[in-house]
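Encoded as structure tokens, the structure appears first; notes follow it.
Ligands are counted one by one from 1 in listed order, and the atoms in each one are counted from 1 as well.
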Amino acid sequence: MSTKINHMKIQVSEPKFWGNEKLYVNDCLDTNWISSGGKYLEQFESAFCKFTNRKFAVSVSNGTAALEVAAYGIGIEPGDEVIMPSFTIISCAAAIIRLGGVPVFVDVEEDTWNINPEKIESAITENTKAIMMVHIYGHPADYNKIREIADKHELKIIEDSAEAHGAKIDDEVCGSLGDVSTFSFYANKLITTGEGGMVLTNDVDIHSRMSAYRNLCFIDGDRFHHEDMGFNYRMTNIQAAIGLGQIEQIDKIIKKKRDIGKYYLNKLNQINGLKLQVERDNCFTTYWMYCVQLKSGEIDAKTVMNLLKKEGIDTRPFFKGLHLQPALNGHSRSVGAFPVTENAYNYGFYLPSGMEMTEDKVDYVVEKLKSVLITLGYMNNS
Ligand SMILES: Cc1ncc(COP(=O)(O)O)c(C=O)c1O
């Protein structure tokens with residue numbers, strides 16, 4: 001039990017390099033293929049296409065750039081509106097604003113913290129071009145309902161799978177569902193390239209627009225003539241080498257994450273008054289981070305997180321709603337009220353969930369969480 005782990009610092013997440021990552025990186029260095037050309041980029045993109053059942057993949061420098069490249073790919077232009085959840089990272093809104101578009105926020109669902117499909121239709125206007133669905137904390141958004149609305153109103157779907165490598169809904173893998181789909185490979189993600197991202201599509205024209213935008217909109221045959229302005233959002237061969245080593249391990253990683261998630265679930269289920277991540281019947285979640293939310297109106301998340309920190313346990317707060325961000329004022333639109341997002345921010349946080357977690361470490365975290373909640377009078381010592 002936890003007595004084995006006295007006074008240990010438990011990080012919220014640490015990457016793990018189990019496979020060929022070092023071998024492939026050394027090969028890049030030995031052969032001088034260190035920049036944005038080389039066989040690992042091709043191999044990583046093609047492995048990711050296979051993993052997500054996609055025709056085309058465009059590797060990029062991070063998951064934020066991936067969203068912007070995706071939005072450009074489907075043709076988001078000044079004045080276009082994209083409906084998205086309020087409970088997500090600012091990257092989602094920034095991608096649209098950078099192209100002159102307007103992010104439109106709606107509230108999320110109680111049980112998954114994903115965009116609430118019931119809120120989408122009232123946010124649609126003649127300027128709406130797309131819906132961005134974000135699979136939060138590794139649990140798929142309600143794709144079937146979102147697709148129905150998108151098809152009815154002829155809207156595109158941008159699918160942000162940054163937190164959901166390998167998650168599934170109705171046996172369809174996340175990253176295969178949107179007209180364009182994106183991933184992040186930041187160090188805390190299921191697979192990492194240090195920094196990195198990927199955009200996927202089955203559409204040849206979207207793929208060619210995205211490839212151009214990632215690479216300064218150079219044109220084949222007349223390289224330094226530019227019809228549009230892109231960015232340098234290229235991934236390097238070294239990053240792709242790490243990514244290839246990681247994706248070769250993906251089944252093992254997903255299994256480990258699910259084992260940690262289910263072990264937490266089993267332990268935390270016993271604490272009354274904690275809202276836990278559900279796994280809906282038609283979904284396969286990857287428990288990217290193990291999330292808990294306290295009852296509203298009592299102690300807030302920060303109080304609990306600070307006390308856990310004193311016990312050496314690292315946690316992270318939930319997102320603050322995008323509708324509350326001063327930086328987005330005047331650049332975005334909010335539709336309806338946001339009680340679910342606001343409660344999640346005030347009362348939610350996530351626990352250590354990385355690849356280094358063992359059952360002993362989870363036991364330790366749960367024991368310390370319980371003792372903090374007892375100290376604060378949130379639960380009884382029974
Ligand atoms: C849902 C979501 N989308 C996009 C991103 C952006 O990814 P990156 O940090 O690689 O830019 C993140 C980052 O964690 C994320 O959680």
Side-chain angles (χ1 to χ4, degrees), residues 12-15 44 48 52 57-73 82-98 103 105-106 108-109 112-115 130-141 143 146 157-167 174-175 177-178 180-200 214 231-236 239-240 242-243 246 257 277 285-291 315-322 325 327-328 341 344-345 348-350 353-354:
V12 85
S13 169
E14 285 173 38
F44 185 40
F48 222 79
T52 52
V58 177
S59 55
V60 291
S61 47
N62 55 63
T64 303
L67 286 164
E68 188 180 326
V69 170
Y72 181 87
V82 178
I83 298 169
M84 64 179 66
S86 46
F87 189 70
T88 184
I89 194 164
I90 197 165
S91 311
C92 300
I96 305 307
I97 294 171
R98 292 211 170 94
F105 309 126
V106 297
V108 293
E109 296 174 317
T112 64
W113 300 295
N114 281 318
I115 190 166
I131 301 168
M132 188 184 290
M133 65 175 188
V134 186
H135 308 300
I136 284 289
Y137 302 136
H139 192 289
Y143 172 67
I146 296 166
I157 295 180
I158 302 172
E159 179 189 15
D160 182 354
S161 300
E163 303 179 355
H165 311 65
C174 290
L177 306 168
V180 273
S181 304
T182 65
F183 284 87
S184 162
F185 306 125
Y186 183 68
N188 62 9
K189 300 302 189 296
L190 261 76
I191 70 167
T192 183
T193 57
E195 296 279 355
M198 194 75 81
V199 197
L200 298 123
R214 154 187 73 174
F231 278 84
N232 175 355
Y233 284 151
R234 301 181 299 253
M235 178 182 271
T236 68
Q239 289 170 294
I242 301 173
Q246 290 265 286
K257 290 294 260 189
Q277 226 171 8
T285 177
T286 47
Y287 297 102
W288 170 57
M289 290 293 166
Y290 202 84
C291 302
T315 57
R316 290 287 181 282
F318 274 10
F319 295 117
K320 184 168 191 174
L322 295 184
Q325 302 293 345
L328 304 178
T341 298
Y345 169 63
F349 58 100
Y350 53 82
S353 311

Q. So among Tyr287, Phe318, Phe349, which one has a ring pair (Phe, Tyr, Trp, His ring centres under 6.0 Å) with Tyr137?
A.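 Checked Tyr287, Phe318, Phe349 against Tyr137; only one passes ring pair (Phe, Tyr, Trp, His ring centres under 6.0 Å): Phe318.
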Any nitrogen or oxygen of [X] lying under 3.5 Å from a nitrogen or oxygen in ligand 1? Just yes or no.
X: Phe319; answer: no
X: Trp288; answer: no
X: Tyr186; answer: no
X: Glu195; answer: no

Where the side chain of [X] meets the backbone of [Y], is there a donor-acceptor pair that is under 3.5 Å apart?
X: Thr192; Y: Phe185; value: yes
X: His139; Y: Ala164; value: no
X: Asn114; Y: Pro140; value: yes
X: Glu159; Y: Cys174; value: no
X: Gln325; Y: Lys320; value: yes

For [atom], what is the nearest protein heavy atom, given as residue, atom name and distance?
atom: atom 3 (N) of ligand 1; answer: Asp160 OD2, 2.6 Å
atom: atom 5 (C) of ligand 1; answer: Ile89 CG2, 3.8 Å
atom: atom 8 (P) of ligand 1; answer: Gly63 N, 3.4 Å

Q | Option of least heavy-atom distance to atom 14 (O) of ligand 1 (set: His135, Met132, Glu163, Lys189) | A | Lys189
**Q.** For Ser184, atoms of ligand 1 separated by under 4.0 Å from a heavy atom
**A.**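 Every atom of ligand 1 under 4.0 Å from some heavy atom of Ser184: 7 (O), 8 (P), 10 (O).
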Q: Could you list the atoms of ligand 1 found under 4.0 angstrom from a heavy atom of Val134?
A: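 Once the distances to Val134 are compared, the set is 1 (C).
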Q: For side-chain contact (heavy atoms from CB on, under 4.5 Å), just list the numbers for Met198 and Ser59, CA-CA rounded to whole Å, side-chain angles, deciding distance to a tenth of an Å, and then say yes or no.
A: CA-CA 4 Å; Met198 194 75 81; Ser59 55; 3.8 Å; yes
Q | Residues in ring-ring contact (aromatic ring centres under 6.0 Å, His included) contact with Tyr233, at least two apart in sequence or another chain | A |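 Listed in chain order: Phe231.
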Q | Part of Thr64 within contact of ligand 1 (heavy atoms, under 4.0 Å) | A | both
Q.
Between ligand 1 and Ser91, can you find any atom pair, the residue atom being a heavy atom, that is separated by under 4.0 Å?
A.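 Yes, Ser91 has heavy atoms under 4.0 Å from ligand 1.
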